[in-house]
Amino acid sequence: MLTPTHHLPARSRAQLIATGVHVTRGGTTVLTDVDLTVSPTTRLAIVGENGRGKSTLLHVLTGARAPDAGEVRQVGTIGVAEQEMVTHDERTVGQAVADAIAAPLAALEALETATNALATEKPGAAEDYAAALELAETLDAWDAERRVHIALEALGAETDFGRPLADLSVGQRYRVRLACLLGAEDDFLLLDEPTNHLDRSGLDFLTDRLRSRPGGVVVVSHDRALLTDVADTILDLDPTPDGRPRIYGDGYSGYREGRRAEQDQWQQDYDRQQTEAARLNDDLSAAQNRLQSGWRPPKGTGKHARATRAGGLVQSVRRRQEALDAHAVTVPEPPQSLRFPELPTQSGAAMLTVEEVTVDGRLDVPTSFELGRSERLVVTGPNGAGKSTLLAIAAEDLSPDTGQVRRTAGTRLGLLRQESELPPHRRATDVYAEHVGALVAAGTLRESQAVGLSQLGLLRARESGKRVGELSMGQQRRLQLALVLAGRPHVLLMDEPTNHLSIALVDELTEALQATQAAVVVSSHDRQLLRDTSGWPRLRLGAGTPARP
Ligand SMILES: Nc1ncnc2c1ncn2[C@@H]1O[C@H](COP(=O)(O)OP(=O)(O)OP(=O)(O)O)[C@@H](O)[C@H]1O
Ligand SMILES: [Mg+2]
C-alpha cells in the first residue's frame, strides 16, 4: 500500500502560501489581508495580543478553517500542535506514536511487499521496488520510530506505550503529542504555544529541534526566550494604521525595534494630522467670519468682490478638510494595560506554613516552606517533580498524605492553577460577578473590597461580554487571573502564570508581582520570568528524587 500522494513530503519543494486572507469571527474582523510565504527554511513566529487571531491564522494555514476571503496553497505535509488539547482521546501512547509515523511505517511495509515481489520476478516488480525504496528513503522510514523515542525521552514524555492518553495529565499528553510531531518530520511544523508544558531540558530540546529541523517552522508563542532563540521572522498581528499585519526580519530584537518605530511613526502621523485638522478648523471659522462680515459690507465699492473671495476661501478650506478626512489616520489603539489591584498584607511572622508535606506518587519528598508578609518564593523543578501538587496543597485545594499546612486566621489565599476549566456557555462578566458574590456571601471579602472586572485591565468590555467558549485561550487565562485577583489574596500562588498570556501582559504581571504587598509564590519554567525573578528565594523540587517518575 502506497501512501496517498497528498501525504507525501515535498521536502525542498514544500511551500505554504497564504494570500489576502481575511477572517471574521463572532462579527469581528480578526484577520485582514494576511500575505505569508512559508518555505522549508522559514523560522516564523506569530505574535500579538491575546485574541488577535494567532490561533485562527494557524487554523487557516493548516486548512482546518476556510478564510472568508483569500486563499492558502499547500505543497507538502504539515504537523500541527494546537494550543488546546482535545479532552477525549481514546488512544494509548503507543497508538498515538503509530499514528504519527503511519506514513513511514506504511512505506516500510510497501517496501517489504515490493522486495518479496522482486524475488518472484513479476513484471514491473523492479519499478515498484524502486518507487517503494525511494519513498522509504524520502521519509527516512527506518529511523522514524527511533526519532519519536528520542523526542519522548528528551521531552520527559510518557514512554509506556500501553498507557491510555486519557489517564495522563494535560501536560503529559501535550508532551506525547509534541514528541510525535518532532519525530514525524513533516515538511512544516506549526506549533501554538508549545512551551506551556515543558521544563528546562524539554525547552532546550524543542529549541534545538526547531532550529535544526530540515523543514519550515511556524510558531505562536509568548515565550520571549524561544522567540529569541528560534525566530528569524516575526509576523505581528497587533493593530497598524492600515489594519494589515506587519512582518519584521532580524528575529525577535528586529521585531521589538521595528514595532517601536512603527508605533512612534503612527503616533506622530496622528498628532500631525490632529494639528492640521485644528488649523483647518481655525481657517474655516476665520473664512466664515469674513464671509459674514462680507455680507454686511462697509460703504464704498468692491463689496461683491470681497464677499465672493471669502466664499471661495470657505470652499477651499472645506475641500482641504475633506481631503484630510479621506486620509484620516485612526487613533493608535492604546494597548490594554494591567491594573493590578492593591493586595493586602497581614501582620505577624508567618501567614502560611507548609510543613513536611507529601502526596504519594506526586510529591514524595517531604517539603516545607514558610511565607511571611510580602515574602517571595520561586518553586522550580522538572516536569513531574510535584510543583503543582505543592501549590495546590499550600492553597488548601488538596490534602497532603502526610505533613500539614497552617495559615494565620483571616489570611486569604489565591491560586492561579496551571490548568482550569471555566464554564464555556457563561458570559465572562457573569462568571466574575458570581465569583465575587460568593466571596462576599461567604464573608471572605467585604463588599467594599470587591474590584470590578473592567477595573483590572485584563479584558475589554467587548470581550467580557462574550461567553467563555468564544474567548481565545489567552483571554480565558486572563479571566482566570482576574478571578484570583478578585479575592484580594494576602498570598498569591501562581502556577505557570505566563502560560497563554501575551508578551506585554507577562511583562506587566512580572512587574506587579515584584511590587505587590501580598506574598507571592511562583512556579514556572518561563526562562525570562526566572531571570526576572532571579533575586527571589528558590525552592527546588525533584532534586533528591528521580527527576521524572
Ligand atoms: N468560538 C468562537 N466564537 C466566536 N469568536 C471566537 C471564538 N473563538 C475565538 N473567537 C474570537 O476570535 C478572536 C481570535 O481568537 P484566536 O484564538 O485566534 O486568538 P489568539 O491570537 O490565538 O489569542 P490567544 O493569544 O489568547 O491564544 C478573539 O477575539 C476571540 O474572541
Ligand atoms: Mg491562540
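Ligands are counted one by one from 1 in listed order, and the atoms in each one are counted from 1 as well. Computed from a prediction, not measured in an experiment: that's the story for all the values here.
The distance cut-off of 2.8 Å around the Mg ion (ligand 2) captures these protein N, O or S atoms, sorted by chain and number: Ser55 OG, Gln83 OE1.
By the neighbour-count criterion of 12 heavy atoms within 6.0 Å, atom CD of Gln265 is densely surrounded, having more than that number from other residues, nucleotides or ligands. Residue Arg11 places its CZ atom among more than 12 non-hydrogen atoms of other residues, nucleotides or ligands, all under 6.0 Å distant. For Asp242, the CG atom is densely surrounded, since the number of other residues' heavy atoms within 6.0 Å is greater than 12. The environment of Gln267 atom CD is dense: over 12 non-hydrogen atoms of other residues, nucleotides or ligands sit within 6.0 angstrom. Within 6.0 Å of CD on Glu84 lie no more than 12 heavy atoms contributed by other residues, nucleotides or ligands. Within 6.0 Å of CZ on Arg211 lie no more than 12 heavy atoms contributed by other residues, nucleotides or ligands.
Taking all atoms of both residues into account, the shortest heavy-atom contact from Leu343 to Arg488 is CD2-CA, 3.8 Å. Contact record, Thr56 with Arg65: CG2-CD, 3.8 Å, taken as the closest heavy-atom pair.
For atom 12 (O) of ligand 1, the nearest non-hydrogen atom of the protein is Arg25 CD, 3.5 Å. Residue, atom and distance of the protein heavy atom nearest to atom 1 (N) of ligand 1 are Gly469 O, 3.5 Å. What sits closest to atom 17 (O) of ligand 1 on the protein, heavy atoms only, is Ser472 CB, 3.3 Å. Considering only non-hydrogen protein atoms, atom 31 (O) of ligand 1 sits nearest to Lys466 NZ, 2.8 Å. Atom 25 (O) of ligand 1 has its closest protein heavy atom at Lys54 NZ, 2.6 Å. When hydrogens are left out, the protein atom nearest atom 5 (N) of ligand 1 is Glu470 O, 3.6 Å; that is the closest non-hydrogen contact. Regarding atom 29 (O) of ligand 1, its nearest protein heavy-atom neighbour is Gly51 O, 3.1 Å.
Proximity to Met473 (heavy-atom distance under 4.0 Å) selects the following atoms of ligand 1: 26 (O). Near Val30, the atoms of ligand 1 lying under 4.0 angstrom from a non-hydrogen atom of the residue are 12 (O), 13 (C), 14 (C). Ligand-side atoms of ligand 1 in range of Gly474: 24 (P), 26 (O), 27 (O), range being under 4.0 angstrom from any heavy atom. Close approach to Arg52 involves these atoms of ligand 1, each under 4.0 Å from a residue heavy atom: 19 (O), 21 (O).
For the pair Gly48 and ligand 1, the shortest N or O to N or O distance does not fall below 3.5 Å.
Side-chain atoms of Asn50 and Arg478 include a donor-acceptor pair closer than 3.5 Å.
Judged by distance alone, with hydrogens and angles left aside, the side-chain atoms of Arg412 form a donor-acceptor pair with the main-chain N or O of Gly487 at under 3.5 Å.
Proximity of Thr56 to ligand 1, defined as any heavy-atom pair under 4.0 Å, is shared by backbone and side chain alike. Here Gln83 has side-chain heavy atoms under 4.0 Å from ligand 1, and that is the only part of it that gets that close. Looking at Gln475 against ligand 1, both its backbone and its side chain come within 4.0 Å, counting heavy atoms.
Ion pairing between a basic and an acidic side chain is recognised when a charged N comes within 4.0 Å of a carboxylate O; Asp187 and Arg13 show no such pairing. A salt bridge links Arg426 with Glu434: at least one charged nitrogen is closer than 4.0 Å to a carboxylate oxygen.
Ring geometry, Phe161 versus His149: the interplanar angle falls under 30°, so the pair is classed parallel (tilted spans 30 to 60°).
The ring-ring contact (aromatic ring centres under 6.0 Å, His included) search around Tyr248 returns Tyr255, not counting sequence neighbours.
Ligand 1 has at least one atom lying under 4.0 Å from a heavy atom of Gly53.
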